[in-house]
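Scroll down for the structure; my scribbles are underneath it.
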Amino acid sequence: MACFGLTIVRHGETRYNKDKILQGQGVDEPLSDTGFRQADAAGVFLRNVKFTHIFSSDLLRAKQQGFSILPANTLLPLLQEYLISETAATIIGKNKFCKDLEIKYDARLRERKYGVAEGRPLTDLKAMAKAAGEQCPSFTPSGGETLNEVRGRARDFFEFLCQLAVEAGQKEQKMHNAASNSLGTSEVQSIFPWTNHGSEAELSSDNGGASKLLDANILVVSHGAYMRNWIGYFVSDLNCTLPATLTKSQLSSVSPNTGVSHFTIKLDNENILKPEINCVCLNQDSHLVDVSAECVAPKVF
């Protein structure tokens, strides 16, 4: 049985987040000053967690670059391979164990596409939904993605992560003597801030509660509406176990900027499409208390 940790973080605040303007995929704002401070705080919060992989959305607000002299309209098509995920890079830059970890970009982690509503205030989307006789979160503007389409992207990416964890576990098994120190030993302890324990205790086997090393510990940086749909897929389709104190309102809310959610996942190698998922924390924002009064972003869909 393979097992891995999954930490999902929303990117830092942008000016459009603060002003309640929909960005989607067609409108792409860089992080605001508050967004950079949030990313810094998230990095401090996660500094003792040893990640083995990191993935980020490939949109600009999850990325920054150092070639500002180029025309804006050439930025994304010409420099995709050189761009760095600012939120993700800040988190890794403050980490004790994985400062040199490669950030991999994946289009499946992009925000939900809002079509004609992109670049317009959230109030416009609500008006469109009302005119169509629909609830705003489930309404699809012309040219936008349906919730099922977003969920399909999330499902495809998660199944990719599951396969990655299985392959990592098989590799560890073949090289377990050499790799025994790679994921949280007494020599290099990986401490999770939401549990105050190391990765050895993160998942237990069926053998009398004995602890099992994580085969992978994955960090993902993405977007609010996308993350809500991904977590909805975990709960409705994969029967994810939730914290007892979690309310229905909290479950349906969009994460604040740089909010942290963490899951532990056990996989049956014979059928990795039926994982056992446990939500350890959802939209954790305790690290933002001292950042700024602005850091709790509006609940933009």
Side-chain angles (χ1 to χ4, degrees), residues 1-11 42-43 45-46 48-57 62 85 87-88 91-92 95 97-98 101-106 108-109 150-151 153-169 172 182-184 190-195 197-204 211-224 226-243 246 251 255 258-269 272-285:
M1 174 177 286
C3 53
F4 68 100
L6 174 62
T7 301
I8 309 175
V9 181
R10 186 184 178 191
H11 65 79
F45 182 66
L46 297 170
N48 292 318
V49 182
K50 187 174 183 181
F51 296 107
T52 59
H53 305 78
I54 178 169
F55 295 91
S56 170
S57 163
S85 165
T87 303
I91 291 172
I92 293 302
N95 195 278
F97 308 121
C98 36
L101 192 63
E102 179 186 4
I103 301 169
K104 296 184 178 180
Y105 305 108
D106 200 304
R108 290 172 292 186
L109 294 172
V150 179
R151 185 167 294 195
R153 283 198 282 125
R155 180 180 62 247
D156 185 59
F157 182 74
F158 178 65
E159 290 176 357
F160 158 74
L161 293 186
C162 290
Q163 184 60 47
L164 182 71
V166 168
E167 292 172 357
E172 289 291 322
S182 65
L183 284 174
S190 179
I191 303 297
F192 294 88
W194 41 84
T195 57
H197 61 57
S199 59
E200 293 96 330
E202 182 66 12
L203 291 171
S204 294
S211 62
K212 184 187 188 304
L213 293 176
L214 294 172
D215 294 306
N217 196 22
I218 301 169
L219 173 65
V220 172
V221 179
S222 188
H223 306 267
Y226 178 88
M227 288 168 55
R228 183 172 63 176
N229 277 273
W230 188 358
I231 292 165
Y233 161 65
F234 277 180
V235 174
S236 63
D237 292 25
L238 299 179
N239 299 313
C240 173
T241 301
L242 299 170
L246 192 70
L251 180 60
S255 171
T258 69
V260 177
S261 296
H262 181 69
F263 303 84
T264 57
I265 295 121
K266 294 181 183 180
L267 300 168
D268 182 345
N269 290 8
I272 65 172
L273 299 185
K274 289 188 177 297
E276 180 182 329
I277 305 176
N278 176 53
C279 176
V280 178
C281 66
L282 186 70
N283 301 337
Q284 166 71 248
D285 61 358

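The figures that follow rest on heavy atoms only: side chains count, while hydrogens, waters and symmetry mates do not. None of the values given here were measured: they were computed from a predicted structure.
Rounded to the nearest 0.5 angstrom, I218 CD1 and K104 NZ are separated by 10.5 Å. Taking CG of D106 as the start and CZ of F157 as the end, the distance is 5.0 Å to the nearest 0.5 Å. For the atom pair CD1 (I54) and SG (C98), the distance works out to 8.0 Å, reported to the nearest 0.5 Å. Here the OG1 atom belonging to T87 is positioned 12.0 Å from the CD1 atom belonging to I92, to the nearest 0.5 angstrom. Here CG of L46 is found 10.0 Å from NE2 of H262. Values are rounded to the nearest 0.5 Å. Atoms CG and CZ, from L238 and F263 in turn, are 11.0 Å apart once rounded to the nearest 0.5 Å.
In this structure, F160 has its ring center closer than 6.0 angstrom to the ring center of F55.
The minimum heavy-atom distance linking S236 with R151 is given by the pair OG-NH1, 2.9 Å. Heavy-atom minimum distance, I272 versus Q163: CD1-OE1, 3.3 Å. In plain terms, the two heavy atoms of I103 and S56 that are nearest each other are CG2-CB, 4.0 Å. The two residues S261 and N283 have their closest heavy-atom pair at OG-N, 2.8 Å.
Looking at residues two or more places apart in sequence or on another chain, you find no side chain to side chain contact (heavy atoms under 4.5 Å, CB included) involving A168. Listed by chain and number, the residues in a side chain to side chain contact (heavy atoms under 4.5 Å, CB included) with E276 are K266 (sequence neighbours excluded).
For the 3.5 Å distance criterion, the side chains of H11 and S57 fail to qualify, holding no donor opposite an acceptor.
Considering only heavy atoms from C-beta on, I277 comes within 4.5 Å of F158 through its side chain. Looking at C279 and P243, their side chains come closer than 4.5 Å, going by heavy atoms from C-beta outward. Between K274 and D268 there is no side-chain heavy-atom pair separated by less than 4.5 Å. Using a 4.5 Å heavy-atom threshold, the side chains of L101 and L219 count as separate. Side-chain contact between I231 and L251: present, with at least one pair of heavy atoms (C-beta onward) separated by less than 4.5 Å. Using a 4.5 Å heavy-atom cutoff, the side chains of S222 and W230 are not in contact. Annotation: side chain of P193 is in contact with side chain of V49 (closest heavy-atom distance under 4.5 Å). Between T258 and F45, the closest side-chain pair of non-hydrogen atoms is not below 4.5 Å.
A donor-acceptor contact shorter than 3.5 Å is absent between the side chain of D215 and the backbone of F4.
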From CA spacing to verdict: side chain to side chain contact (heavy atoms under 4.5 Å, CB included), F192, N217
CA-CA 11 Å; F192 294 88; N217 196 22; 3.7 Å; yes
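Every pair passing salt bridge (Lys or Arg N to Asp or Glu O under 4.0 Å) that includes a residue from residues 153-166 is listed here, sequence neighbours excluded: R108-D156, E145-R153.
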